[in-house]
Amino acid sequence: MERPDNILKEFEAFVVADAPPTVYYVPDFISEDEEAYLLAQVYKSPIPKWTQLSGRRLQNWGGLPHPRGMLAEKMPGWLQTYCDRLSALGAFSGNAANHVLVNEYKPGEGIMPHVDGPLYHPTVTTVSLGSHTLLDFYRPLGGGGGAQAGPGGGGSDGDGGEPQTEESRYQFSLLLRPRSLLVLQDHMYRSLLHGVQPRRQDTLTDRVVNLPCAGAGAVGDTLTRGTRVSLTIRHVPKVMKTKLFLGKK
Ligand SMILES: O=C(O)CCC(=O)C(=O)O
Ligand SMILES: [Fe+2]
C-alpha cells in the first residue's frame, strides 16, 4: 500500500511504520498537569451531559453530527484549546476541529468494533487520559466497503459471504498510553474497524505494532487497566448555519 502524500509534517517522526496508512502515535503529547486539568474538567461537567451506553459513558461537545448538518454548539474553552492545537498542526487538512466526544471506560468496559463513518472528515485524533488501553483493528466483513456504524452506537456489519469471526478479522492493536495522542487517517480511518475489548487487563503481544514507539512495555507484559477517558477530536464538515427552519413549515 502506498504512503499518501498528506503526511503531517510535524508528526512525521511519529508515523507507526508497521501499521497501514496512516497512524501517528505521539507519546506524552500532553503533560501530567494538563492531564489532571482535563480530567477535572470532564468530571466537572453536569451529570446530564453524560450519556450512558452499554460498556462506556460519553459526553458529546460541539453539536450532534447529522446527515443534514450539525447544529453547532459552542465548544467550552478547555476543549477549544485542544481543537485549536490539533487544527494548527494540520490534522484536518486545514479545517478546524469542531466536535469532541469524551468517552469514559471503567476497567472491564470497551467499545464494539466499528467505523467512525461519513459524517466526519476522515481523521480522528484521540488524547488518552487516566489509563492505557489497547485499540484493536479488524478487517470489515467480506473485505468489502466497511461497516455502517458511528461512534455513538454499536457496530453492526452488513451481509458478507462466509461467516467470519471477530477473531479471524482481527489484524493488530495499538497501545494507547495515558497522555498520548493518536491520529488515524486514510485507510486506517476508512477501511478498518476499531474497538476496545471489555477487559480488565491487557497482555502485550507482537501484534501490538506501536510497542517500539510507545516508550514502555514489552511483549509478554500484562497491564492492568484503570478508568480511561478519551477525548476524540474531529472535524464535522457539514454544519447548519442558522436555526431558521426549526419551526413548522
Ligand atoms: O476511546 C477510544 O479511544 C475510541 C473511541 C472511539 O472509537 C470513538 O469514539 O469513535
Ligand atoms: Fe471510533
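Since we're looking at a predicted model, the values are computed, not measured.
- Side-chain contact check for Leu193 versus Asp136: every heavy-atom pair is 4.5 Å or farther apart.
- Here the CG-CG distance, from Leu174 to Leu134, works out to 8.5 Å after rounding to the nearest 0.5 Å.
- In this structure, the side chains of Ser180 and Asp28 stay at 4.5 Å or more apart for every pair of heavy atoms.
- Between Asn98 and Cys83 the shortest side-chain heavy-atom distance does not fall below 4.5 Å.
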(message) Is there a side chain to side chain donor-acceptor pair (under 3.5 Å) between Thr222 and Thr203? Walk through the geometry before answering.
(response) CA-CA 4 Å; Thr222 295; Thr203 298; 3.0 Å; yes
(request) With side chain to side chain donor-acceptor pair (under 3.5 Å) as the test, would you mind laying out the steps for Tyr170 and Ser173 before giving the verdict? (result) CA-CA 9 Å; Tyr170 169 72; Ser173 303; 2.6 Å; yes
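- Within 6.0 Å of the CD atom in Gln52, the count of heavy atoms belonging to other residues, nucleotides or ligands exceeds 12.
- Between Arg234 and Asp116, at least one side-chain N (NZ, or NE/NH1/NH2) sits under 4.0 Å from a carboxylate O, which counts as a salt bridge.
- Figure legend: cation-pi geometry between Lys74 and Trp61 absent, as NZ or CZ is not positioned both under 6.0 Å from the six-membered ring centre and within 45° of its axis.
- Salt-bridge check for Glu167 with Arg169: failed, with every basic side-chain N at 4.0 Å or more from each acidic carboxylate O.
- Checked for salt-bridge contact, Glu109 and Arg56 miss the test: no charged N lies under 4.0 Å from a carboxylate O.
- Ring geometry for Phe92 versus His235: interplanar angle of 30 to 60°, hence tilted.
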(request) Assess whether salt bridge (Lys or Arg N to Asp or Glu O under 4.0 Å) is satisfied between Glu34 and Arg85, documenting all intermediate values. (result) CA-CA 13 Å; Glu34 286 178 283; Arg85 199 182 286 182; 3.1 Å; yes
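- For the pair Lys49 and Glu104, the salt-bridge criterion is not met [side-chain N within less than 4.0 Å of a carboxylate O].
- The aromatic rings of Phe137 and His194 sit tilted, their planes meeting at an angle between 30° and 60°.
- To the nearest 0.5 angstrom, Leu175 atom CG is 5.5 Å from Asn210 atom CG.
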